[in-house]
Amino acid sequence: MARRVFIFDTTLRDGEQAPGISLNVREKVEIAEQLARLQVDVIEAGFPVSSPGDFEAVKAVAKAVKGPAVCALARAERNDIDWAWEAVMYAERPVIHTFLSTSEYHMKYQLKKTPEQILEMVRDAVAYAKKYVENVEFSAMDATRSDPEFLYRVYTEAIKAGATVINVPDTVGYALPDEFAELIRGIMNNVVGIEDVVVSVHCHDDLGLAVANSIAACKAGATQVECTINALGERAGNASLEEIVMILNTRRDNMDLECGVNTREIYQTSRLVSMLTGYPVPPNKAVVGDNAFAHESGIHQDGVLKHRMTYEIMRPEDIGRVESEIYLGKHSGRHALKTKLEEMGFYLDDKGLERAFIRFKELASKKKEITVKDLEAIALDEIRTMEELFQLEYMQSSSGTGAIPIAAVRLSREGKSYEATATGDGQVDAVCKAIQKATKVKAKLVSYQVQAITKGLDAMGDVTIKLDIEGHEVVGRGVSPDIIEASARAYLNAINRGIQKGLLEKQKLAQKARGGKAQKG
Ligand code: KIV
Ligand code: ZN
């Protein structure tokens with residue numbers, strides 16, 4: 001019988017550490033519910049002590065999710081563990097994940113602790129977490145650059161103190177697959193009590209080896225992989241969940257391993273995460289990229305037409321990727337839209353549904369065929385903006401040969417209206433400047449990207465904007481058949497995320513300090 005590998009998803013924790021991502025509580029719950037439909041084994045929902053937003057999000061995910069275990073991260077400190085427990089205690093199956101560095105670089109230069117002090121902290125943290133909860137995971141941060149003999153001692157102590165999962169992170173993405181497999185074998189052979197716990201791996205992609213290392217580790221005996229949707233994560237990201245799962249499924253001939261993921265939910269999960277995080281999926285991304293199943297060369301097309309297996313090792317339907325069908329038209333009513341969205345897995349509140357319906361009608365009046373992708377884009381845009389501070393009520397822009405582009409916006413926030421007009425170098429510039437004026441948030445544009453959601457000239461535009469607010473990057477996304485409106489939505493989405501991250505307060509303080517200095521000077 002094939003050996004089971006548990007899939008531990010950390011999109012909401014390590015994935016959210018990718019620069020510019022800042023999901024609100026509602027978005028995190030939406031993603032967590034989709035991860036439950038994907039049937040991952042564990043959802044790492046966040047790092048509760050790190051911010052009030054993270055605490056609330058872990059709590060909300062713990063309350064909402066049915067099925068997978070829900071995990072909260074904590075440093076090996078009692079205060080962190082208290083916060084983790086406070087947030088995750090509502091889960092059907094709560095897990096506390098505590099971590100401490102074990103490499104010389106980290107112990108000596110970052111933590112300024114001796115190996116003996118580290119061992120003591122590990123014992124204390126795991127035993128403390130164990131008082132709260134049965135399932136405790138311990139991670140030896142920077143394990144792959146740690147002395148293996150010391151690692152064995154650390155894991156042995158963690159297990160003695162009650163850890164049920166020991167995690168081996170390649171924190172800086174340094175390992176090579178053969179080395180990493182050797183390290184796992186060393187752990188399996190030298191750690192006391194290892195046969196009674198889950199052996200987890202957590203690989204980063206700095207050298208592009210996160211997936212290869214995770215698979216090598218599973219073949220060497222690891223029983224859990226920590227990974228993220230679309231490979232999101234700190235720096236170059238984590239191992240990609242979709243790639244790991246499809247490798248396990250596609251190469252059963254090579255390795256007798258299996259996982260419990262429902263692969264038919266992979267595509268929807270990838271799209272949801274991409275839309276809500278503002279991180280587009282590159283077209284050539286394995287498994288979920290737009291081109292992953294597109295055969296361009298004549299020879300390939302000829303082969304596939306003769307026999308699919310000539311050039312296809314997976315089927316698009318295996319990951320739930322079905323051609324967009326026409327679902328609704330301009331005569332469809334609210335109820336039909338609600339039913340269709342719920343069938344697709346989107347549950348909007350009344351206000352969100354009303355706004356989605358207005359946008360659907362507008363689109364239907366412009367576009368002959370409304371596809372699943374169109375409906376999905378509208379629904380995701382509504383979910384994304386449901387808890388936003390500023391909402392876009394109205395916008396208008398105009399331009400022409402020889403005319404100065406001008407835009408007007410009306411935003412609302414907690415029942416109050418904010419209006420502004422501005423001119424710019426183009427219509428997009430003008431509308432973004434009007435939003436800056438109305439929100440009073442100063443931001444520098446880092447990047448601007450526009451993609452068509454469906455084919456054809458009447459396709460909806462999907463705009464991704466990256467802004468720099470006081471040295472912090474925030475990403476926003478917006479969709480509309482009108483590119484200027486999509487840009488306004490994306491810009492406002494990024495500004496709202498910046499405000500949620502507390503960057504407006506930072507900006508006010510910085511402005512005050514700058515003002516102060518100028519006066520003194
Ligand atoms: O990369 C890492 O080491 C981590 C730990 C917290 C597991 O993310
Ligand atoms: Zn990590």
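Start at 1 and go down the list; that is how both ligands and their atoms are numbered. By convention here, the first residue in the shown sequence is residue 1.
- Only the side chain of H204 comes within 4.0 Å of ligand 1, judged by heavy-atom distances.
- With 2.8 Å as the limit, D14 counts as an N, O or S neighbour of the Zn ion (ligand 2).
- Seen from the Zn ion (ligand 2), atom NE2 on H204 and atom NE2 on H202 lie at an angle near 100° (rounded to 10 degrees).
- For ligand 1, one of its N or O atoms has an N or O atom of D14 under 3.5 Å away.
- Ring geometry, Y132 versus Y128: the interplanar angle exceeds 60°, so the pair is classed perpendicular (tilted spans 30 to 60°).
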Dump the intermediate steps for side-chain contact (heavy atoms from CB on, under 4.5 Å) on S101 and K113, then the final yes or no.
CA-CA 10 Å; S101 292; K113 300 266 181 226; over 6 Å; no
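- Other residues, nucleotides and ligands contribute only 12 or fewer heavy atoms inside 6.0 Å of the OH atom of Y174.
- At a heavy-atom distance under 4.0 Å, only side-chain atoms of R13, from C-beta outward, approach ligand 1.
- The CG atom of L38 lies 9.5 Å from the CD atom of E242; values are rounded to the nearest 0.5 Å.
- For atom 7 (C) of ligand 1, the nearest protein heavy atom (residue, atom name, distance) is S139 OG, 3.6 Å.
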side-chain contact (heavy atoms from CB on, under 4.5 Å) evaluation trace for V172 with Y105:
CA-CA 12 Å; V172 291; Y105 288 119; over 6 Å; no
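- Protein heavy atom in closest approach to atom 4 (C) of ligand 1: H202 NE2, 3.5 Å.
- Salt bridge absent: R235 and D205 never bring a charged side-chain N and a carboxylate O closer than 4.0 Å.
- Contacts of T171 with ligand 1, taken as heavy-atom pairs under 4.0 Å, involve both backbone and side chain.
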